[in-house]
Amino acid sequence: MIILGIETSCDETAIGLIEAEGSNENIKFSLLSSSVNSQIEIHKQYGGVVPMLAKREHLKNLLPILIDVLHKNNMIKIENSEFMEDTLEKCKKIEYQKDLEEILAYFLENFEKPEIDLIAITVGPGLEPALWTGIKFAEQLSKYWQIPQIAVNHMQGHIASVLPLENTDSIKNAEVKFPALALLISGAHTELIHIESWLNKTKIGETQDDAIGEAFDKTARMLGLPYPGGPKISKLAKKAKENNIKLEINFPRPMIHSKNLDFSFSGLKTAVLYYINAQKNIDDNKKMAIAREFEEAVTEVLIYKLNKAIEIHNPKSIIIGGGVIANEYIRENILKIQETNPELNIFIPTKNMSTDNAVMIAMSGYISYINKEKFEFEANGNLDIGI
Ligand code: KG4
Ligand code: ZN
C-alpha cells in the first residue's frame, strides 16, 4: 500500500510518502519521499506560533510540498514545465482556503493520478485553523483521485515515529512488543501512555500545567533566545558541560516524589525566572549554567517517572516520541535505562523523525487503517489519546 501522509497541526507543513505492508505482528514500512517546511522564521518574531499565520503559510505551502514529494518519487515532472512554474508562482499569492482549492482543482485536472492507495491526515491535537487546511486539502485530493483517506491522531504519529523504516537509518530494527509504554514529550504534550495493543491505549500520566517543550521554549525566552528555544537550550547546556560550568544552586525537580505518574513544569519555569531576576547581570557563562541546570532538572524528572512507570507496569517495550527527544542529553539518559533493564526494548526516533513530519502520520495512518481505528475528519485541537 502506498500512503500519502499530510501534517499541518502546528508550524510545520509536511507531506510524506511511504510504502506499508503486513499485519500488526509484522508491519513493514519503507520511506519513499518526505518534505517538511518549517515556518519558524515567520513565527520567531512573535516569540511563538501565531495560529492564523500558521494557517496562511500552510495554505501557501501545501501544494508546492506535494509537488516536491511526488517529484522526488518520480511521480511528476517539473523540469521545463511552464505549467508547474505557473502553479508554484500562484501558490505564493494564496491568502484564503478558496484560493488553494481553485489552484489545486486546476492542477489536478492537468496531472495524471499518481499510484497512491491511501491518504493519512492529521486531525488533532493541534491548532484548529492550521489543522483544517490539511483536512480540506486531503479531502479534495481524496475526492478527485477517488482514494480513501484516514484521520490520524498527531500524538499516535509520534508513537509510530519510532518504528523501523526501510531506506532510513531508523534506530531499532525490531517489532514493538506489547504491553508497551510510550513517553510523549513535545511542545504541547508530556504524557505517559500504556499500550496493550495498537487499539488499546490508556493514558497513565500527563503534565498538570506546562508541557516539557513549552518549558524549554519559555526558559529560552527568559534567556533572550529566539523561538523555538529547545534546541538552543540544549546547545548551551552542552557547552556548559564541555567547559565545566555549573550553577551554584539546584532548580526544583517538580513532582519527582509524587505518588502518581503526572508531571509539572511551571514551577521549574518560575524558579528559573526568580533566579534570573535575582541576578545583577546574566553573562554568557551564566546562561550556559542555567541551561545546563534546567536540562538536568527536566531530565531527572523524566527518567524518574519513566522508571517508576516501568516498575508499576512492567512493559516489554518503551517508546519515546515528540520533538523534545531530539535533545541529546535526554536521549543518552533514556538509553541508559537499558543498562538496568536489559530485557526491555527501547525505541527512540531518529532526530529527523523526532520533530513534526508527515512520514510518522502516514505510518500511524496505516496502523489505524489495518486496525479499523477511526477518528472524525474534523479538526480537534484537544484530541486525546487512549481511554
Ligand atoms: O513534536 P514537536 O516537533 O511539535 C509538537 O507537536 O509540539 O515538538 C516541538 C518541541 C518544541 O518545544 C521544541 O523546542 C522542542 O520540541 N525541541 C527540543 C529540541 N528540539 C526540539 N527541546 C529540547 N531539546 C531539543 N534538542
Ligand atoms: Zn508533534
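Counting starts at 1 for both ligands and their atoms, in listed order. Please read all numbers here as calculations on a predicted model, not as lab measurements. All heavy atoms count here, side chains included; hydrogens, waters and symmetry mates do not.
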From the options Tyr369, Phe178, Tyr366, select the one residue that forms a ring-ring contact (aromatic ring centres under 6.0 Å, His included) with Trp198.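 Single ring-ring contact (aromatic ring centres under 6.0 Å, His included) partner of Trp198 among Tyr369, Phe178, Tyr366: Phe178.
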Below 4.0 angstrom, N of the basic side chain to O of the carboxylate: do [X] and [Y] qualify?
X	Y	value
Lys336	Glu332	no
Lys98	Glu102	no
Glu41	Lys44	yes
Lys90	Asp86	yes
Glu328	Lys235	no

May I ask you to list the protein N, O or S atoms found at less than 2.8 Å from the Zn ion (ligand 2)?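 Metal shell, protein only: His154 NE2, His158 NE2, Asp356 OD1.
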Cation-pi check for Tyr329 against Lys241: NZ or CZ below 6.0 Å from the six-membered ring centre and within 45 degrees of the axis, yes or no?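 Positive - Lys241 is close enough to the ring of Tyr329 and near enough to its axis.
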Using atom types as modelled, flag every donor-acceptor pair under 3.5 Å from a side chain in residues 301-310 to any protein atom, sequence neighbours excluded.
| unit_1 | atom_1 | unit_2 | atom_2 | d |
| --- | --- | --- | --- | --- |
| Lys305 | NZ | Met255 | O | 2.8 |
| Lys305 | NZ | Ser258 | OG | 2.7 |
| Lys305 | NZ | Asn260 | O | 3.0 |
| Lys305 | NZ | Asp262 | O | 3.0 |
| Asn307 | ND2 | Ile303 | O | 3.3 |
| Lys308 | NZ | Ser258 | O | 2.7 |
| Lys308 | NZ | Lys259 | O | 3.1 |

For ligand 1, what is the set of protein residues having any non-hydrogen atom at a distance below 4.0 Å?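 Within 4.0 Å of ligand 1, the protein residues are His154, His158, Ser186, Gly187, Ala188, Gly213, Phe216, Asp217, Pro228, Gly230, Pro231, Ser234, Gly322, Gly323, Val324, Ala326, Asn327, Thr355, Asp356.
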Contact list for residues 112-133, test side-chain hydrogen bond (donor to acceptor under 3.5 Å, both in side chains), sequence neighbours left out: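 Pairs touching residues 112-133 that pass the test: Glu7-Thr122.
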